[in-house]
Amino acid sequence: MSPPGAIDDACVQALRDALAHRRCIGAVVSISLYSTRLCWYGYYGAAKLHGQLVALSEPPTVGGVRVDGIDYIPEVAMHRIQPCTEGWRDMTPIEVRAADELLRELVGGTA
């Protein structure tokens with residue numbers, strides 16, 4: 001497991017994806033700041049659970065709903081989601097549980 005802030009292969013891949021799509025590099029770099037995070041920013045994203053990071057190549061489906069954007073960081077109580085064709089909003093408790101389950105599926109381990 002990489003220590004918080006460490007740059008590993010998945011983080012490098014997420015950064016390459018962001019650069020390829022000329023998106024906000026700051027959002028990708030900030031992935032390394034938290035031990036658990038699920039994020040998607042239109043063209044790139046990551047799933048990180050207890051320091052284990054996986055770069056996402058397609059939008060995640062949370063609770064059966066495909067999203068255009070998500071920023072889920074339980075450590076700092078950030079629970080934002082943008083379902084397809086909708087605007088950004090706070091996640092419901094059901095979506096939070098679904099995001100936790102998805103993180104376990106994508107990355108493995110226990111939350």
Side-chain angles (χ1 to χ4, degrees):
M1 175 166 33
S2 301
I7 302 297
D8 57 20
D9 290 343
C11 192
V12 169
Q13 184 58 49
L15 181 57
R16 285 184 183 138
D17 292 346
L19 289 171
H21 294 95
R22 295 187 175 101
R23 299 295 182 218
C24 178
I25 295 170
V28 175
V29 173
S30 72
I31 291 168
S32 66
L33 297 176
Y34 306 100
S35 66
T36 299
R37 187 171 191 176
L38 176 62
C39 59
W40 180 261
Y41 300 107
Y43 296 98
Y44 62 93
K48 187 174 184 183
L49 181 63
H50 305 306
Q52 298 286 18
L53 182 65
V54 173
L56 300 178
S57 59
E58 59 185 48
T61 299
V62 177
V65 177
R66 191 168 177 134
V67 301
D68 285 338
I70 187 168
D71 205 357
Y72 174 57
I73 314 169
E75 293 170 63
V76 294
M78 169 70 80
H79 309 117
R80 302 285 293 164
I81 192 167
Q82 183 186 14
C84 286
T85 70
E86 295 181 29
W88 283 96
R89 62 172 173 76
D90 291 333
M91 295 170 69
T92 66
I94 292 170
E95 290 167 333
V96 168
R97 286 191 296 275
D100 286 334
E101 184 177 317
L102 180 59
L103 281 168
R104 287 190 297 273
E105 289 173 14
L106 293 171
V107 183
T110 60

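Remember, it's a predicted structure, so these values are computed and weren't measured experimentally.
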**Study point:** Val107 side chain near His50 side chain, heavy-atom distance below 4.5 Å
**Key:** no
Review point. Looking at Leu102 and Pro60, what are the two nearest heavy atoms and their distance?
Key: CD2-CB, 3.7 Å
Practice item. Would you check if Arg89 and Pro83 make a side-chain contact, meaning some heavy-atom pair closer than 4.5 Å? Key: yes
Check your understanding: Minimum heavy-atom separation for Ala98 to Gly63, with atom names?
Key -> CB-N, 3.5 Å
Point to revise | Atom pair CD (Glu105) and CG (Asp100), whose distance is rounded to the nearest 0.5 Å | key: 11.5 Å
Check your understanding: Are Leu33 and Val76 in one and the same hydrophobic cluster, where Ile, Leu, Val, Met, Phe, Trp and Tyr link if side-chain heavy atoms are under 4.5 Å apart?
Key -> yes
Review point. How far does CZ of Arg37 sit from CD1 of Ile70, to the nearest 0.5 angstrom?
Key: 10.5 Å
Practice item. Kindly compute the distance separating CG (Leu53) from CG (Leu106), expressed to the nearest 0.5 Å. Key: 11.0 Å
Check your understanding: About how many Å separate CD1 of Ile81 and OG1 of Thr92, when rounded to the nearest 0.5 Å?
Key -> 7.5 Å
Check your understanding: Checking Glu95 side chain against Val62 main chain: does a donor-acceptor pair fall under 3.5 Å?
Key -> no
Check your understanding: Does Val65 belong to the same Ile/Leu/Val/Met/Phe/Trp/Tyr cluster as Met91, with side-chain heavy atoms less than 4.5 Å apart forming each link?
Key -> no
Point to revise | Euclidean distance, Leu38 CG relative to Leu49 CG, rounded to 0.5 Å | key: 10.0 Å
Revision key, fill the gap. Rounding to 0.5 Å, atoms CH2 (Trp40) and CG (Asp71) come to a distance of 13.5 Å
Exercise for review: Test side-chain contact (heavy atoms from CB on, under 4.5 Å) on Arg80 and Asp90 and set out the steps.
Suggested key: CA-CA 5 Å; Arg80 302 285 293 164; Asp90 291 333; 3.0 Å; yes
Practice item. Determine the minimum heavy-atom distance between Ser35 and Glu75, stating which atoms define it. Key: N-OE2, 2.6 Å
**Study point:** Residues Tyr72, Leu103; criterion side-chain contact (heavy atoms from CB on, under 4.5 Å); working and verdict
**Key:** CA-CA 10 Å; Tyr72 174 57; Leu103 281 168; 4.0 Å; yes
